[in-house]
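What follows is a short report on a single structure.
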Amino acid sequence: MSRILTDDLPFDLTVPVAIVGGGAAGLCAALAAKEAGTDPVVFERDALPQGSTALSAGLIPAAGTAAQRAAGIDDSEAAFAADIQVKAHGAADAVVLRAVTEGAGPAMDWLSDVHGLAFTVIADFSYPGHSARRMHGLASRSGAELVDRLRAAAETAGVDIVTGAHVTALIATPEGRVRGLVVSRPDGSEERIGCLALVLACNGYGGNRSLVAEHIPALKDALYFGHPGNQGDAVLWGQSLGAELRHMTGHQGHGSVAHPHGILVTWAVVMEGGFQVNVQGQRFWNEASGYSEAALAVLGQPGGIAFDVFDDRIARIARQFEDFRRAEAAGAVLQAESTDELARRLSIPRQVIRATLESVADLKRRRATDGFGRDWAGVPDLAPPYRAVKVTGALFHTQGGLAVDGAARVLRAGGVPLPNLFAAGGAAVGVSGPEASGYLSGNGLLTAVVLGRIAGGEAARLARAEP
């Protein structure tokens, strides 16, 4: 259980900047803190830093980057911010929104130019809600590669990463200044580590069933596709210190997790002209709305199951993603040479699946908008051989969290910052507002990377100013 201690016992060691969590947020914070002239220490509960970053597609949206210019893509911070705010129904935290959209481009160029992460833009399809192609990824298009490369960059920079270090308590003054933390080791021993500034980069509360039931009851029994260590420590510690919590109902779901394989299937299979049907062979919603709200849409179907239906052309696009290649290797992606074979493989009456395919083909030919509100203009038709994946809905990560300002400082109610506490990624409030439908593709890693960089730099400057 997350604890706040107020004792004045001595520390085993004192560091200038302590960072809790070794995912994208924590590692970016560490790189920035090191660059700002301090020696940060990352405390990671697992034996290898991975976190929810490793489970993601590793894609970070940013506007005005060198990678976009190289791909001939015209974009702007203003357009990026507008897209996020439209998707969030106007409810995105305005201060955080400005900080991350203005900071994303410089952060991507920094990681590329200074730390050797060779990002390229996904230029062959668009994610729902983005008015420009601005999703940046590494070669494998996987979060595992992203966190591995960030860890390697941190090690090259001389950052100390302590693994097998589970932070179980913070030590603070009655006024809310963090003095240090308690670290539990695998052998049962504990260490007391002092710090001048603390960055919480330990994600949200998706792995805490009781908190999910409290804030997102509709997904309390859903498959959780995030890291099990996301127990809400950051929000619980912050709340105990008097911090404000914002948009705690906000989250990112996903309606395309291969079942029972548990492998993410890229939403490109939908956006490039595919669609979803339930076990009865019927479409049931506007799939182009977004993959976050797809979680509840799919879970609302019989058995909480749907099928992604697409074709060989789309499969070739999807193979740029390592997760999709894994799904194929695991046998999750079915192939059918005809509509009748597709019906047989999905155990759906052939007249039903044939009617659904013909209906979608007709919408595409007429460039029409269907009864669910999906616009099919300019979307290529499907052609045999067909592909299909049995999928379910899942909770990926939470988007609500600690209120922060543009410097990633954790705020009390009323906007007064806590003295030396910073938050990034899932620990901080995101830019998706309070609803799943407010999540724009990439919002999670956006706040991880950009707020992480900001938090690390600001924490280092505060630590260096201490007498």
Side-chain angles (χ1 to χ4, degrees), residues 1-2 20-26 44-46 49-59 143-144 146-147 166-167 200-239 245-257 259 262-264 290-299 304 323 391-402 404 423-449 451-452:
M1 182 177 178
S2 303
V20 183
E44 166 57 48
R45 65 184 293 166
D46 291 344
Q50 291 183 319
S52 290
T53 301
L55 298 172
S56 74
L59 301 178
L146 174 62
V147 76
H166 183 192
V167 177
L200 296 177
C202 45
N203 211 286
Y205 63 89
N208 187 321
R209 287 290 183 184
S210 64
L211 287 177
V212 172
E214 178 183 351
H215 296 291
I216 317 171
L219 292 180
K220 64 183 178 63
D221 298 319
L223 170 70
Y224 174 54
F225 206 73
H227 190 277
N230 298 340
Q231 292 294 314
D233 295 321
V235 295
L236 294 172
W237 283 323
Q239 195 172 26
L245 304 183
R246 290 183 186 164
H247 295 165
M248 289 294 285
T249 54
H251 62 279
Q252 184 219 332
H254 209 296
S256 186
V257 176
H259 181 75
I263 302 172
L264 176 66
Y291 55 71
S292 182
E293 49 268 60
L296 284 176
V298 170
L299 289 170
D323 284 337
V391 297
T392 190
L395 171 64
F396 267 47
H397 57 80
T398 52
Q399 282 282 287
L402 299 169
V404 295
V429 64
V431 290
S432 303
E435 301 175 13
S437 61
Y439 185 86
L440 185 66
S441 304
N443 274 2
L445 279 175
L446 171 67
T447 57
V449 169
L451 284 183

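FYI, side chains are in, hydrogens and waters are out, and symmetry mates aren't considered; it's all heavy atoms of this structure.
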Results of side chain to side chain contact (heavy atoms under 4.5 Å, CB included) for [X] - residues two or more places apart only:
X: Thr249; value: Pro434
X: Val167; value: Val20, Phe43, Leu170, Leu181, Val183, Trp237
X: Ala222; value: Leu219, Leu299

I need the [X] [atom1] to [Y] [atom2] distance, nearest 0.5 Å.
X: Leu146; Y: Ser56; atom1: CG; atom2: OG; result: 6.5 Å
X: Leu211; Y: Ile216; atom1: CG; atom2: CD1; result: 9.5 Å
X: Leu395; Y: Asp221; atom1: CG; atom2: CG; result: 11.5 Å

For the side chain to side chain contact (heavy atoms under 4.5 Å, CB included) test, which of Met248, His251, His397, Glu214 pairs with Tyr205? Met248
Side chains of [X] and [Y] in contact at under 4.5 Å (non-hydrogen atoms):
X: Leu245; Y: Gln239; value: yes
X: Gln399; Y: Tyr439; value: yes
X: Thr398; Y: Val235; value: no
X: His227; Y: Asp46; value: yes
X: Tyr291; Y: Ser441; value: yes
X: Leu264; Y: Phe396; value: yes

Answer yes or no: is there a donor N or O on one side and an acceptor on the other, between the side chain of Thr53 and the main chain of Ala24, under 3.5 Å? yes
Within the side chain of Gln252, is there an N or O that forms a donor-acceptor pair under 3.5 Å with the backbone of Ser292? no
Determine the minimum heavy-atom distance between [X] and [Y], stating which atoms define it.
X: Leu223; Y: Gly393; value: CB-O, 4.0 Å
X: Leu402; Y: Ala234; value: CD1-O, 3.6 Å
X: Leu200; Y: Ala427; value: O-CB, 3.5 Å
X: Gly304; Y: Thr392; value: O-OG1, 2.8 Å
X: Gln231; Y: Leu236; value: O-CD1, 4.3 Å
X: Cys202; Y: Asn230; value: O-OD1, 3.8 Å

